[in-house]
Amino acid sequence: MSTQIPMALDRTAARGHRAARRRSGQWAAWAFLAPVVAYLLVFYAYPLFRNVELSLRSYTVRSFVQGDAPFAGLANYARVFADATFWPALWHTVVFTVVSLAFQFSIGLALAVFFSRNFRLSATLRALFLVPWLLPLIVSASTWSWMLNSDSGVVNAVLAWFGIGPVNWLTSPDWSLWSVTIANIWIGIPFNLVVLYSGLRAISPDLHEAAALDGANGWQRFWKVTFPLLRPVSAITLLLGLVYTLKVFDIIWIMTKGGPSGASTTFATWSYRLGFGNLVPSFGPGAAVGNLLIVMALAFGLIYIRRRAVT
């Protein structure tokens, strides 16, 4: 009996030490998470809350400063949907996003396959292809504005060599949207190249060798082996590209300001014009348009998460 009491005390002490270690580990985990949680709350959750709150009230410049704007409910959203700019801006946003993603992904994938051969100067050329991605957007957009200038642009100068008349790339309603889309494609190709190249490098060469031994040619190996194994990387590349392209503002605003006559206006530029581009700003409707962009990006994000959960 006298020996059982010390053993019981030892077991109790051991359990106490284990519980203390678990609590210490939990506090350490929370200490590491605290900066991330604080960052997300300050720079994501609070601005999102403020944007939603902004879209539900009738703000003026005075009430924006004093904070006494009356509650408007969904009136700002109704005003946005009834605006004549809504459907053209939605169409421009869809065209700009879909065309940009299609060409960025296709060209990026082609370049990734090309560079995966590891020939001489491959690393140097890959580094050069990163230049459009590393440049500030204001520099890239200004460069494209100069290149596509109707009077002194290099693009029209090249067309003149082939006997083609000048094209009003930035001032014609027929060409302005395509001009900003081309610039955005050029800027987004390096991102797709880097991510897809990393995905290709993760695929074992043994799989390609086995397919070659089975008689598959290069095209068949790509579609039957490479592309299916690249689907997870492709999905996240397209999702990130979609989220980025939906909110593109700098390129369009610098090159065309959404014009002429709204021909290149997207939700991003329309939201900015409503909130800050007029002498009498419409903060509520501008925030409502921004929230529509968030909902669009969130919808595609949920679709991606759902598909990942199913597979």
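In terms of heavy atoms, Pro281 sits closest to Gly275 at CB-O, 3.1 Å. Across all non-hydrogen atoms, the minimal contact from Thr269 to Ser264 is OG1-O, 4.4 Å. Scanning both residues, Leu128 and Pro132, for their nearest heavy atoms gives O-CD, 4.0 Å. In terms of heavy atoms, Met296 sits closest to Thr93 at CE-CG2, 4.5 Å. Listed here is the closest heavy atom pair of Gln220 and Asn217: N-OD1, 2.7 Å. The two atoms that bring Arg201 and Ser116 nearest to each other are NH1-O, 4.2 Å, heavy atoms only.
Linking Ile, Leu, Val, Met, Phe, Trp and Tyr residues whenever their side-chain heavy atoms come within less than 4.5 Å leaves Val295 and Leu293 in two separate clusters. Cluster membership check: Phe191 shares its hydrophobic cluster with Leu134, using side-chain heavy-atom separations under 4.5 Å among Ile, Leu, Val, Met, Phe, Trp and Tyr. Taking hydrophobic clusters as Ile, Leu, Val, Met, Phe, Trp and Tyr residues chained together by side-chain heavy-atom distances below 4.5 Å, Val37 does not share a cluster with Tyr46. In the hydrophobic cluster analysis, where Ile, Leu, Val, Met, Phe, Trp and Tyr join through side-chain heavy atoms closer than 4.5 angstrom, Leu40 is grouped apart from Leu48. A continuous path of Ile, Leu, Val, Met, Phe, Trp and Tyr side chains, each step under 4.5 Å between heavy atoms, connects Tyr197 with Leu125, placing both in one hydrophobic cluster.
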Q: Take Asn192 and Ile107 through the side chain to side chain contact (heavy atoms under 4.5 Å, CB included) test and state the conclusion after the steps.
A: CA-CA 8 Å; Asn192 287 261; Ile107 299 174; over 6 Å; no
Q: Check step by step if side chain to side chain contact (heavy atoms under 4.5 Å, CB included) holds for Leu159 and Asn156.
A: CA-CA 5 Å; Leu159 294 178; Asn156 278 346; 3.7 Å; yes
Q.
As a quick check of understanding, evaluate side chain to side chain contact (heavy atoms under 4.5 Å, CB included) for Phe105 and Leu196, giving each step before the final call.
A. CA-CA 9 Å; Phe105 181 81; Leu196 295 173; 3.9 Å; yes
Q) Going through the distances and angles, do Leu135 and Thr143 end up as a side chain to side chain contact (heavy atoms under 4.5 Å, CB included)? A) CA-CA 11 Å; Leu135 287 175; Thr143 302; over 6 Å; no
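Using a 4.5 Å heavy-atom cutoff, the side chains of Trp178 and Val95 are in contact. The shortest side-chain heavy-atom distance between Ile182 and Trp144 falls under the 4.5 Å cut-off. In this structure, the side chains of Glu53 and Tyr59 come closer than 4.5 Å at one or more pairs of heavy atoms.
Among Thr97, Leu90, Val94, the one residue that satisfies the side chain to side chain contact (heavy atoms under 4.5 Å, CB included) test with Phe267 is Leu90. Checked options Val180, Leu148, Leu170, Val167; the residue passing with Trp175 is Val167 (criterion: side chain to side chain contact (heavy atoms under 4.5 Å, CB included)). The only option from Leu130, Leu111, Leu109 that meets the side chain to side chain contact (heavy atoms under 4.5 Å, CB included) definition with Leu193 turns out to be Leu111.
A tilted orientation is assigned to the rings of Phe227 and Phe222, their planes being inclined by 30° to 60°. A perpendicular orientation is assigned to the rings of Phe283 and Phe276, their planes being inclined by more than 60° (bins at 30° and 60°). Taking the six-membered ring where tryptophan is involved, the planes of Phe43 and Tyr39 are tilted, since the angle between them lies from 30° to 60°.
No side-chain donor-acceptor contact under 3.5 Å links Ser100 to the backbone of Ile185. With hydrogens and angles ignored, the 3.5 Å screen pairs no side-chain donor or acceptor of His92 with any backbone N or O of Thr266. For Asn168 (side chain) and Thr171 (main-chain N/O), no donor-acceptor pair under 3.5 Å exists by modelled atom type. Remark: side-chain polar atoms of Gln104 are paired, donor with acceptor, to backbone N or O of Asn184 under 3.5 angstrom. A donor-acceptor pair is defined here as one N or O able to donate and one able to accept, closer than 3.5 Å; no such pair exists between the side chain of Arg221 and the backbone of Leu207. The backbone N or O of Trp169 lies less than 3.5 Å from a partner atom in the side chain of Ser179, making a donor-acceptor pair.
Residue Trp186 places its CH2 atom among more than 12 non-hydrogen atoms of other residues, nucleotides or ligands, all under 6.0 Å distant. The number of heavy-atom neighbours closer than 6.0 Å to CD1 of Ile138, taken from other residues, nucleotides and ligands shown, is 12 or below.
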Hey, can you pull the donor-acceptor pairs under 3.5 Å for the side chains in residues 70-89, sequence neighbours left out?
residue : atom : partner : partner atom : Å
Asn76   : ND2  : Ser55   : O            : 2.8
Asn76   : ND2  : Arg57   : O            : 3.0
Tyr77   : OH   : Ser55   : OG           : 2.8
Tyr77   : OH   : Asn291  : ND2          : 2.9
Arg79   : NH2  : Ser282  : OG           : 3.2
Asp83   : OD1  : Thr85   : N            : 2.8
Asp83   : OD1  : Thr85   : OG1          : 3.1

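Taking Ile, Leu, Val, Met, Phe, Trp and Tyr as members and joining any whose side-chain heavy atoms lie under 4.5 Å apart, directly or through other members, the hydrophobic cluster of Leu302 also contains Leu298.
Residues passing the side-chain hydrogen bond (donor to acceptor under 3.5 Å, both in side chains) test with Thr245, sequence neighbours excluded: none.
Close placement of the Phe129 and Phe115 rings is indicated, their centers lying within 6.0 Å of each other.
One finds the OG atom of Ser234 at 12.5 Å from the CG atom of Leu239 (value rounded to the nearest 0.5 Å). With rounding to the nearest 0.5 angstrom, the OG1 atom of Thr256 is 9.0 Å from the CH2 atom of Trp253. Taken to the nearest 0.5 Å, the CD1 atom of Ile305 stands 14.0 Å off from the CZ atom of Phe300. If you take CD1 on Ile187 and OH on Tyr244, they are separated by 5.5 Å, rounding to the nearest 0.5 Å. Here the CZ-CG distance, from Phe96 to Leu246, works out to 9.5 Å after rounding to the nearest 0.5 Å. Between the CD1 atom in Ile252 and the OG1 atom in Thr181 there is a gap of 7.5 Å [rounded to 0.5 Å].
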